[in-house]
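Structure first, commentary second.
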Number of protein chains: 2
Amino acid sequence: MADVAEKAGVSRALVSIVFRDLPGAGRETRERVLRVADEIGYRPDNAARLLARGRSRTLGVMFIVHQTFHTDLIAGIYPEAERLGYDVLLSGTTPGRGEDKAIEALLGHRCEGLILLAPDAEPSRLDRLGHRAATVSVGRRAPGAHVDFVHSAEGKGVRQAMDHLVELGHRRIVHIDGGRGPGSAERRRAYRAAMRRHGLTDEQRVVPGAHTEESGIETGRLLLAERDRGLPLPTAVLAGNDRCAMGLLMTLTRAGVEVPRDLSVVGYDDSHLSHLMPIGLTTVRQDAVLLAEHAVRFAVERLENPELPPREAVLDPKLVVRGTSGPAPEEPAR
Amino acid sequence: MADVAEKAGVSRALVSIVFRDLPGAGRETRERVLRVADEIGYRPDNAARLLARGRSRTLGVMFIVHQTFHTDLIAGIYPEAERLGYDVLLSGTTPGRGEDKAIEALLGHRCEGLILLAPDAEPSRLDRLGHRAATVSVGRRAPGAHVDFVHSAEGKGVRQAMDHLVELGHRRIVHIDGGRGPGSAERRRAYRAAMRRHGLTDEQRVVPGAHTEESGIETGRLLLAERDRGLPLPTAVLAGNDRCAMGLLMTLTRAGVEVPRDLSVVGYDDSHLSHLMPIGLTTVRQDAVLLAEHAVRFAVERLENPELPPREAVLDPKLVVRGTSGPAPEEPAR
DNA sequence: TACTCGCACTAGAGCGCGCTAGTAGAGCGC
DNA sequence: GCGCTCTACTAGCGCGCTCTAGTGCGAGTA
């Protein structure tokens, strides 16, 4: 920077002004500074900038690298953050890299805001984070914690899915639970409520699981094993999310179960891959772009006004009917 | 930091020593400093650290958020970088956020090393980047550029896939090209060579495409339209990558084409989703973890010794036979 | 005793910027 | 001519840390 200043015959401060595009520099000087900088190959150093400025205007996003829906969210986060003048840094969790590491990496790089996609942390941990940075949790509720919360109305989504299945004549509808996955508790409750409402209390069945393909595969194996022991297959499965639904579909289809003729499957999320599956996954759509925009806005608003009480944004999900759901098969005598 | 020093009754320098875990501090003092820091809630500021140190020990990774194979690579990058004592920052490209932006973000945050997953940039652009940071390109060759290059031996992979298909009796094998996608040119060449070698020169057909689901879908539509005009379907398709294969599968299966009875499909990458597809995608496996480790090592080695000439690592891919490839259908009289 | 050596610790410069307070000079009204 | 404002620019401190070149001190050596 000093080099540029000298070569352009101005002070460092003026160079700074030019690079921040502030008023206070003559048109001609401005151009000269930029030209010289270009020749020298000078580019402002962010670390020093952040340090001097005291603020970083950087949002950190934690996501699960293999969660396809998260990549949809990220695609929505970037433009909104840019619009508001914020930088975005990504840090992923993998099977070998936990949330704590991913979050520390973000904080260590001076993120002022934290957008956590489906964090697994306890409310107390989130609360602590919330006091260190403007934090918003996407998908996971954190009661009492000083964080904002963005999610979709799980109950409504599940209800639509269940009504759809019941209308198609399904009665034996199994729900694969999402375990500690975000929204799982709400989805489970909504499933139970829907079953009761449709007079199917006795048919209720929740299989423990997770928001992963593996979970769907395991459930598939379980159901097939039961069938081989003479128990009937369910006629429909409401999976915990799309990934789980995909795992299930794979296992069942491979074993000769035809979807949706023998069994219907409904997912949750509508990640961008869902409509690309060979027969298209019927699923509950969460609007990734909208969720992302709300998350970014919450974080930025909190940065501008830290006094804000924790807020919550609830978006309406919408059932998308594709190829994996169809009329219930005719019931053989049990 | 000054607060900690004062409260612990030592100098700032000593606190610095403690936090960097360097020799030069007594056992007892060390503990006291850490305890005080914990009480105050002090944590070292990375930006200032980088600034003072002149080095960041940070690798920036550019990836395409929707490219599932990239998330596999990322999962391999993290542990290797950590092992070598480097931080990792992620920056994604999306349909609305180009490579330049993603890379500038990384550079702006002081990444010393750049790992570019399937960059789309020209060799000259890569060369320029290579002079600004230790750069390694994964998947895309950049002749003459000052960057390291990690990829798998596309030719070998395609050859295995082609041999497999020919052994199954296929003759009308179409290749969907990956367009500007990394490795496309090599795959295309290898496809052509294999067709010639098997005496199928006349059956050669390369459909232009890209490494996206959409590309597979379009090709599927194209092939179906041809069939409706009375032209025979190919009996096998070698897709540009897994995503393309998935799009193709979706379109064909929906239209009633049965895979692999009517038509076989082979992908490329073996992204973690491939084995989860309902019938499992036959594909050419690139070892993501190995690719990732090589990339990280190249970057780090170049940082430690910038004089290094550009290097290249070639990994052997391996055909993985799953459910989408089978014997060629019996040929009706044409 | 005088010396060196190693250990625990400190002073203070400097990393590359942003920012506040300020100056010099041009233009204007009276 | 004076004071005033406005624009274009500068000086220099400080952000939170690392690092070099030390200081002081007790133990070991000649």
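Each chain gets a letter, A, B and so on, in the order its sequence line appears, and its residues count up from 1.
Side-chain proximity of A:Val10 to C:dT10, C:dG16, D:dT10: nearest is D:dT10. Of the candidate nucleotides D:dC9, C:dC9, D:dT18, C:dC9 has the atom lying nearest to any side-chain atom of B:Leu14. Nearest nucleotide to the side chain of B:Arg12, out of C:dA13, C:dT10, D:dC13: C:dA13. The side chain of B:Ala52 has D:dT18 as its nearest neighbour among D:dC19, C:dG18, D:dT18.
When both pairing distances are held under 3.5 Å, D:dT5 makes a Watson-Crick or G-U pair with C:dA26. Within the shown strands, D:dA27 is the pairing partner of C:dT4 under the Watson-Crick or G-U definition, both distances less than 3.5 Å.
Taking only side-chain nitrogens and oxygens, A:Arg20 comes nearer than 4.0 Å to OP1 or OP2 of C:dG18. Look at B:Ser16 and you'll find a side-chain N or O under 4.0 angstrom from OP1 or OP2 of D:dT18. In this structure, B:Thr29 reaches the C:dC9 phosphate: one of its side-chain N or O atoms is under 4.0 Å from OP1 or OP2.
Counting non-hydrogen atoms under 4.0 angstrom, A:Arg43 reaches the backbone sugars and phosphates but no base. Within the 4.0 angstrom heavy-atom criterion, only backbone atoms of the sugar-phosphate kind lie near A:Ala25; the bases stay farther away. Among the heavy atoms of the strands, none lies under 4.0 Å from A:Gly54. Heavy atoms of A:Pro23 sit nowhere under 4.0 angstrom from any nucleic acid atom.
The CZ atom of A:Arg53 sits 20 Å away from the P atom of D:dG14 (whole-angstrom rounding). Rounded to an integer number of Å, the gap from CE of B:Met1 to P of D:dG16 is 11 Å. The CZ atom of B:Arg110 sits 12 Å away from the C1' atom of D:dT18 (whole-angstrom rounding). Put simply, CD1 on A:Ile40 is 15 Å from C1' on C:dG16, counting in whole angstrom units. For the pair B:Glu31 CD and C:dA8 P, the computed distance is 14 Å after rounding to whole Å. Rounded to whole Å, the distance from CG on B:Leu50 to C1' on C:dC15 is 11 Å. Separating the CD1 atom of B:Ile17 from the P atom of D:dT20 is a distance of 11 Å, rounded to the nearest angstrom. Between B:Arg57 atom CZ and D:dT18 atom C1' there is a gap of 15 Å when expressed in whole angstrom units.
Contact check on A:Lys101 versus A:Glu104 returns no salt bridge, with no Lys/Arg side-chain nitrogen under 4.0 Å from an Asp/Glu carboxylate oxygen. Using a 4.0 Å cut-off between a side-chain N of Lys or Arg and a carboxylate O of Asp or Glu, B:Arg125 and B:Asp100 qualify as a salt bridge.
One distance of note links SG of B:Cys111 with CG of B:Leu89; it measures 5.0 Å at 0.5 Å rounding.
Two rings, from A:His109 and B:His109, have their centers 6.0 Å or more apart.
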### Query
ring-ring contact (aromatic ring centres under 6.0 Å, His included) between A:Tyr42 and A:Phe19: does it pass, once the steps are laid out?
CA-CA 11 Å; A:Tyr42 164 82; A:Phe19 269 89; 5.1 Å; yes
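For the pairing with A:Phe63, the side-chain contact (heavy atoms from CB on, under 4.5 Å) check across A:Thr93, A:Leu117, A:Ile77 returns one residue only, A:Leu117.
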